Asker: 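The structure under discussion is supplied below as structure tokens; questions concerning it will follow.
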Protein chains: 2
Amino acid sequence: MKFTPKGQATRQRIVEGAAEYLRSNSPGSVTLDDVGAVTRTSKGQIFHYFPDGKEGLLLAVARHEADGVLTDQEPHLSALDTWESWTAWRDAVVARYRAQGRHCPLGALMDQMSGSPGTAEVITELLAQWQRAIRAGVVSMQASGQVRADLDPDRTAAAFVAGIQGGVQVLRATGRSDQLEAAFDLMIDYLRRA
Amino acid sequence: MKFTPKGQATRQRIVEGAAEYLRSNSPGSVTLDDVGAVTRTSKGQIFHYFPDGKEGLLLAVARHEADGVLTDQEPHLSALDTWESWTAWRDAVVARYRAQGRHCPLGALMDQMSGSPGTAEVITELLAQWQRAIRAGVVSMQASGQVRADLDPDRTAAAFVAGIQGGVQVLRATGRSDQLEAAFDLMIDYLRRA
DNA sequence: CGTTTTTTGTACTTGCTGGTCCAAAATTTG
DNA sequence: CAAATTTTGGACCAGCAAGTACAAAAAACG
């Protein structure tokens with residue numbers, strides 16, 4: 001499929017509009033007409049740019065959101081080489097999620113996961129990248145001798161992913177960020193003692 | 001609403017059948033006809049026992065599943081007073097979730113959460129109970145002097161909830177239990193060193 | 001320009017699903 | 001046993017939302 005610049009702009013408008021809309025509405029209840037209304041597009045355009053219909057559109061949205069999650073923390077993620085950078089990262093994530101409350105791109109992703117194997121794949125890739133970035137941070141802390149060398153960076157990073165993921169999940173369900181903060185603090189504290 | 005014994009049995013059959021069915025199918029795609037087919041009941045019966053229709057049924061299922069999650073780990077949860085009991089608990093949870101893979105009652109709950117405030121409440125209550133049980137375990141370890149007394153039991157329990165929750169979530173998305181195990185191990189290890 | 005391709009709008013179709021209605025069967029009750 | 005109540009079955013309805021058809025507008029192109 002090739003599109004002219006105008007076409008690409010429209011396509012992008014649809015994806016971004018749908019993404020934002022999906023952050024506050026469960027994917028099951030979002031209709032193509034909703035998307036059309038929000039993005040000022042007609043059904044014809046939606047199917048023109050997403051021949052696979054709703055499924056294709058949701059997948060495109062998933063990819064778009066997955067991108068956002070990582071680039072969002074990028075300044076922090078790639079520089080986890082001092083204790084300050086770790087806590088700064090923690091603060092950024094907590095503040096970010098606390099501000100947006102339930103309207104969470106990652107959470108919306110998870111919601112649309114069940115049923116769509118494509119989305120599950122996108123999430124798997126996202127988590128893997130995330131874990132890799134954290135792992136790199138652990139390794140760099142070991143390299144500078146601030147963390148014991150016998151710590152397994154892979155498992156530590158895996159635990160971080162689980163903790164953050166779970167904290168966000170709880171935040172979405174309950175509206176409270178306690179668990180997210182506690183998990184983050186415990187894990188960083190664990191690193192500190194290692 | 002009052003039902004005869006026969007009626008209660010039917011109601012229960014519907015809830016349990018629907019619950020099992022929901023574990024492997026996303027709630028958005030589950031229809032009342034599906035439930036009827038699986039539980040050998042007619043639409044009439046479903047609306048007879050759940051006057052609020054689908055929403056009421058899903059809520060009943062949510063409560064049923066929430067019960068199951070805790071009673072499932074109950075032998076372990078109420079006896080977290082030795083290191084062996086903690087690791088036994090860990091092993092039980094990991095084994096359990098690894099066996100069931102994606103068909104996870106808690107995960108299915110989370111899925112149907114978005115959009116239904118009732119379900120969100122059920123989940124909040126479940127998480128709170130869970131956290132309380134873990135907290136009690138931490139306290140008892142402190143009482144017996146196996147864990148430092150200056151550790152905050154609330155925050156520690158909160159972190160555990162987040163870690164497990166996230167691990168399960170990742171397991172559902174990727175099919176791998178690495179993160180769940182890593183989170184569990186890191187946290188227990190953290191306790192050990194405290 | 002004129003033609004060809006892309007983009008957009010809209011009316012329509014189709015299938016599905018939650019929910020209603022009502023009557024028959026079974027069960028309880030007196 | 002007869003009346004009242006509960007349980008069950010299934011036909012039916014209404015609305016909604018995905019997807020299609022097709023033509024007009026706009027742009028690209030030579």
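Note that the structure is a prediction, hence the values are computed from the model and not measured. Chain letters run A, B, ... following the sequence lines, proteins first and then strands; every chain starts at 1. Just so you know, these numbers use all the heavy atoms, side chains as well, and skip hydrogens, waters and symmetry mates.
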Asker: For A/T10 and A/Q45, indicate whether the former's side chain and the latter's backbone hold a donor-acceptor pair under 3.5 Å.
Answerer: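 Between the backbone of A/Q45 and the side chain of A/T10 there is no qualifying donor-acceptor contact (under 3.5 Å).
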Asker: What residues, two or more places apart in sequence or in another chain, satisfy side-chain hydrogen bond (donor to acceptor under 3.5 Å, both in side chains) together with B/S24?
Answerer: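 Scan of B/S24 (side-chain hydrogen bond (donor to acceptor under 3.5 Å, both in side chains), adjacent residues dropped) gives none.
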Asker: What are the atom names and distances for every N/O pair under 3.5 Å that joins the protein to nucleotides 18-25 of chain D?
Answerer:
| unit_1 | atom_1 | unit_2 | atom_2 | d |
| --- | --- | --- | --- | --- |
| D/dA18 | OP1 | A/K54 | NZ | 3.0 |
| D/dA18 | OP2 | A/L32 | N | 2.8 |
| D/dG19 | OP2 | A/K54 | N | 3.1 |
| D/dG19 | O6 | A/K43 | NZ | 3.3 |

Asker: Determine the minimum heavy-atom distance between B/R172 and B/R102, stating which atoms define it.
Answerer: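 That closest heavy-atom pairing would be O-NE, 3.4 Å.
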Asker: Drop me the distance from A/E65's CD to A/T119's OG1, to the nearest 0.5 angstrom.
Answerer: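 It is 11.5 Å, given to the nearest 0.5 Å.
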Asker: Can B/V61 be reached from B/L70 by stepping across I, L, V, M, F, W or Y side chains whose heavy atoms are under 4.5 Å apart?
Answerer: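 No, B/L70 does not connect to B/V61 through the hydrophobic network.
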Asker: Using a 4.0 Å cut-off to any heavy atom of chain A, which nucleotides of DNA chain C are the first and last in contact, reading 5' to 3'?
Answerer: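 First-to-last contact on DNA chain C, by the 4.0 Å heavy-atom rule, is C/dT6 to C/dT10.
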Asker: Salt bridge (charged side-chain N to carboxylate O under 4.0 Å, His left out) with B/D154: which residues, sequence neighbours excluded?
Answerer: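 Applying salt bridge (charged side-chain N to carboxylate O under 4.0 Å, His left out) to B/D154 gives B/R135.
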Asker: Determine all donor-acceptor pairs shorter than 3.5 Å in which one atom belongs to a side chain in residues 180-187 of chain A; sequence neighbours excluded.
Answerer:
| unit_1 | atom_1 | unit_2 | atom_2 | d |
| --- | --- | --- | --- | --- |
| A/E181 | OE2 | A/R98 | NH1 | 3.1 |
| A/E181 | OE2 | A/S177 | OG | 2.9 |
| A/D185 | OD1 | A/R90 | NH1 | 2.6 |
| A/D185 | OD2 | A/R90 | NH1 | 2.9 |
| A/D185 | OD2 | B/R155 | NH2 | 2.4 |

Asker: Establish whether A/W89 and A/L191 are linked, either directly or via other cluster members, by ILVMFWY side-chain heavy-atom contacts under 4.5 Å.
Answerer: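 Shared cluster, yes.
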Asker: Using every non-hydrogen atom in the two residues, find where B/Q179 and A/A162 come nearest and quote the distance to one decimal.
Answerer: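 Closest pair (atom of B/Q179, atom of A/A162, distance): O-CB, 3.8 Å.
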Asker: Nearest 0.5 Å, please: how far is OH in B/Y190 from CZ in A/R193?
Answerer: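 So the CZ of A/R193 and the OH of B/Y190 are separated by 4.5 Å.
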Asker: Can you name the atoms? Protein N/O to nucleotides 5-7 of chain D N/O, anything below 3.5 Å, with the distance.
Answerer:
| unit_1 | atom_1 | unit_2 | atom_2 | d |
| --- | --- | --- | --- | --- |
| D/dT7 | OP1 | B/T4 | N | 2.7 |
| D/dT7 | OP1 | B/T4 | OG1 | 2.8 |
| D/dT7 | OP2 | B/H48 | NE2 | 3.0 |

